[in-house]
Structures are given as C-alpha cells and as structure tokens.
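Beneath this line is the structure, given in structure tokens, with notes to follow.
Scope of the values below: all heavy atoms of this structure, side chains included, with no hydrogens, waters or symmetry mates. Whatever order the structure lists them in is the order used to number ligands and atoms, beginning at 1. Numbering of residues begins at 1 and proceeds along the displayed sequence.
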Amino acid sequence: MVSNRSCLTLAQEATRTSSRLVLAAAIGLGGSVASAWAQDVAEQPRGSTLCTKLPVPCDAVIAHRGASFEAPESTMPAYLLARELGADYLELDLQRTKDGELIAFHDDTLGRNTDVAEVFPERAKAPVSAFTLAELKRLDAGSWFNEAYPARARDSYAGLEILTLDEVIDIAEGGDNRPGLYIETKVPEQFPGIEADLRAALEARGWAGESTTSREGATDGAVAVADGPGRVIMQTFSRQSLQALETTLPSVPRVLLLWLGEGGIDAAAADPQADTESTADYYARQQVASSEAYAEWIDFAKAHGAIGVGPSTVQQEHDGAFSSQFSYADLAEPWMIGMAHDEGLLVHPYTVDEPVDFARYRERGVDGFFTNRPAALLEFYDRPAGDPADMLERLGY
Ligand code: G3P
Ligand code: CA
C-alpha cells in the first residue's frame, strides 16, 4: 500500500509531468479533427468546463452494455430500456463473426451468458469469431440472467438474441430519445481490419460523420446525442487500435481505456492474491508503478488525438455483489483526473453503479460514467428517468 506521503509526492510529480505533456501537444502531435478538439481545450482548467468544449455531453450517462442491471447485457431490452430512460450513450463491445458481420458482445467466448454448451457442445469454448451470425442467432443470450439474478428475472428474457451493430443502431434511431453509440473495439488483435469494417458499417447507416437527420418535431427534452458530432465515440484498451481508429475514423472522437497491469499501465510490485482475499480487494490494493507510468498513457492518448480516457475504478462495499465484479484498481484518483484534465482529456470511468460511488468520483471531477444502471445515474444527475420496471412492461418485456 502506498502511504499518504507517497501519494502527495505522486501528485506533485504529476503536476510537473503534465506541463511537459501540454508542451508535447502544443507542438502539433496528431492532425485529425478530434485531435484539434483536444488541442483547443488543452489549457482549460480541470473540472466540468472541459466537456463544454468537446462534442460530448457533460455528466455523460453511458449505458454499459445497455441497462444491463435490469436486463441481459447487450440485448434488445437492455438497449431499449437505456434509450427510453434517457441515457446519452449505448455502450457496446464490437466483435466480428466468422462471416464478417459486426456484433455487440463482450466476452471472447460464449459460455458465460449464452447456451452455447447446449447448442454447440463441441464448440462451447471456441471464440465468438469462430461462429457465423446465423449460428450466433440460434443462441439464447437471456436465460443466464434469469438464473443469475432471480429478483430481476423476466420470462421474456429467455431466448433473447445476440445483436448486430445494425440492430443497435436501429434501437438508437428508433425512439424519441436518440442516444449516441460508445463503441469499444473488443480484443481488436483478433479482428484485423475491424476498424475499417466499422467505418464502412457506420457510413452505410449515415453514422460516420455529421448527422443529416432533422430533429424538427423532436420531443422537448429528448436526448439528441445521435444528432450531434459526438454521436459516436470510439473506445479501446489497445494502443494499436487507437492508432488504427485515428487513421480510419479520424473525425470520430476517441477514448483510451486505462487498465493496470499486463497490457496496461505498469503496476507497482504487490503481494499475490491470498486464498481468502476477494478479487475486488486484490484489485483495490494495486497501485501504479509511478506517476510517469500513468503519464505515459495519458501522453499516448493525447498524442493520438483522443478526447478522453476511461479509467477503471474501485467500488465501495455494497449489499449486493453485482458492483464488485466491476471493481478494479483505482485509476481515477484525484491527481490522475487532474493530469488528464490538464491535458484536455475527459475522464469517463468504468463501471460505476452506486450513488455513493457516483458522488465520490463526481467530487473528484469526472465527466460522466459508464454504468450498468443508467436509471440510477440519471437520478443522481437530477435528470428525470422513469421506473425501469414500468418501462420494461411498456416495451413488451
Ligand atoms: O468500455 C468500458 C468498459 O466497458 C470496459 O470494460 O470489460 O466491461 O468492456 P468492459
Ligand atoms: Ca466495453
């Protein structure tokens, strides 16, 4: 564990490091539109004014795999509910099927949240990319939720399908609220060229550039993110994918996701996880190796025209176990948020579900959240949201 004194030292070091990074940005790294947005705000003070200079809503409500607390992740009711509640963005993890279709699915494999073991027993551990879309459409992506969360189970969730990107776009376009899409290139090393495929798919739907949709007659107060320049945000943990997105979709805002450890920010040495220690507790005591290690990722994001970063967070203890599965190392400590803001980078932490955690991180100055519970976050931000159960009924679930 790092002492308070060490933390102060890290913060002081961070301030010095960030000055160097502002200088690096000022000498013209990157040339895209997104990069220009980022550079315009490089010298803004940290805090909520940053979002007013970028094509992204302040206090952004990003529905992580849809409203995935109340409905099975990445399925039709999860995204429909997020839209109806008034989330700003529908978050999705992009993968590609064996026959080249783009789909919304998080895990590399299908075992956790589909019945692949029953439908394709001999291929139950095969990667998602080994299945055609027609094969994936045969899977039940909803029943697992009813078994895992009986208090939130609904008969109508049984048999829900994995969705294509096109189907998620249909949802985003299909109501009075028009949320944007916050798309992660998931395990992009498995999908060479997926950034170009995505560009073609977004262009085919008119989502690659400025919206041409008229909002005349739109309901007062409706979400209209899909009609603005921040209608799509790309996110990735992969530096290579961030670079590919910079080239392939230069005018689409990009966010670099931050992770501590293998493949991510260098971690300080720590004792191994004890048998009696929860994974959440283990993650919570992990620390960055140094402020330079963190700054190096901020620097990379900035140099490649990102408009923000998405750090992991640590969740406080709650009654239910749901949130703790998203509790990781705290990469949104105040000095870290300050460093990102000093570089003109928004901070959208993942994945936060409880008001006590919304409050803790908002106090630190974050610009929105990835959340499985958009209804709770909208309420926290004093934005009216209906009752999720009533909405699901109205939506036919
Ligand atoms: O995309 C932000 C957050 O979703 C990253 O974590 O694993 O849920 O995709 P994951
Ligand atoms: Ca994601």
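Closest to atom 4 (O) of ligand 1, if we only count protein heavy atoms, is His64 NE2, 2.8 Å. Distance from atom 9 (O) of ligand 1 to its nearest protein heavy atom, with residue and atom name: Lys186 NZ, 2.8 Å. When hydrogens are left out, the protein atom nearest atom 7 (O) of ligand 1 is His106 NE2, 2.7 Å; that is the closest non-hydrogen contact.
Short contacts between ligand 1 and Phe237, defined as distances under 4.0 Å to a heavy atom of the residue, involve ligand atoms 5 (C). Residue Phe370 has at least one heavy-atom neighbour below 4.0 Å for each of these atoms of ligand 1: 1 (O), 2 (C). Residue Arg65 approaches ligand 1 through these ligand atoms, each under 4.0 Å from one of its heavy atoms: 7 (O), 8 (O), 10 (P). Taking every heavy atom of Asp93 and a limit of under 4.0 angstrom, the matching atoms of ligand 1 come to 9 (O). Heavy-atom proximity to Glu91, at under 4.0 Å, picks out these atoms of ligand 1: 1 (O), 2 (C), 4 (O). Close contacts of ligand 1 with Gln235, meaning ligand atoms under 4.0 Å from a residue heavy atom, involve 1 (O), 2 (C).
When rounded to 10 degrees, the angle formed at the Ca ion (ligand 2) by OE2 (Glu91) and OD1 (Asp93) equals 110°.
The ring of Phe370 has its center no closer than 6.0 angstrom to the ring center of Tyr89. The ring of Phe326 has its center closer than 6.0 angstrom to the ring center of His64. Taking the six-membered ring for Trp and the full ring otherwise, the centers of Trp144 and Tyr157 sit at least 6.0 Å from each other.
At least one donor-acceptor pair closer than 3.5 Å links the side chain of Arg199 to the backbone N or O of Thr248.
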Run the side-chain hydrogen bond (donor to acceptor under 3.5 Å, both in side chains) check on His304 and Arg254 step by step: do they pass? CA-CA 9 Å; His304 292 282; Arg254 300 175 292 284; over 6 Å; no
Would you sort out whether Tyr182 and His348 count as a ring pair (Phe, Tyr, Trp, His ring centres under 6.0 Å), showing the intermediate values? CA-CA 11 Å; Tyr182 210 125; His348 288 162; 5.8 Å; yes
Stepwise side-chain hydrogen bond (donor to acceptor under 3.5 Å, both in side chains) test for Glu73 and Asn113: CA-CA 9 Å; Glu73 65 186 60; Asn113 58 339; 3.3 Å; yes
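For ligand 1, the polar-atom distance check against Tyr350 finds no nitrogen or oxygen pair separated by under 3.5 Å.
No path of Ile, Leu, Val, Met, Phe, Trp and Tyr side chains, each step under 4.5 Å between heavy atoms, connects Leu160 with Phe105, placing them in separate hydrophobic clusters.
Under 4.0 Å is where a charged nitrogen must lie from a carboxylate oxygen, and between Asp357 and Arg360 at least one such pair does.
Tyr182 does not count as a contact of ligand 1, since none of its heavy atoms falls under 4.0 Å from the ligand.
The Ca ion (ligand 2) sits nearest to atom OE1 when only the N, O or S atoms of Glu184 are considered.
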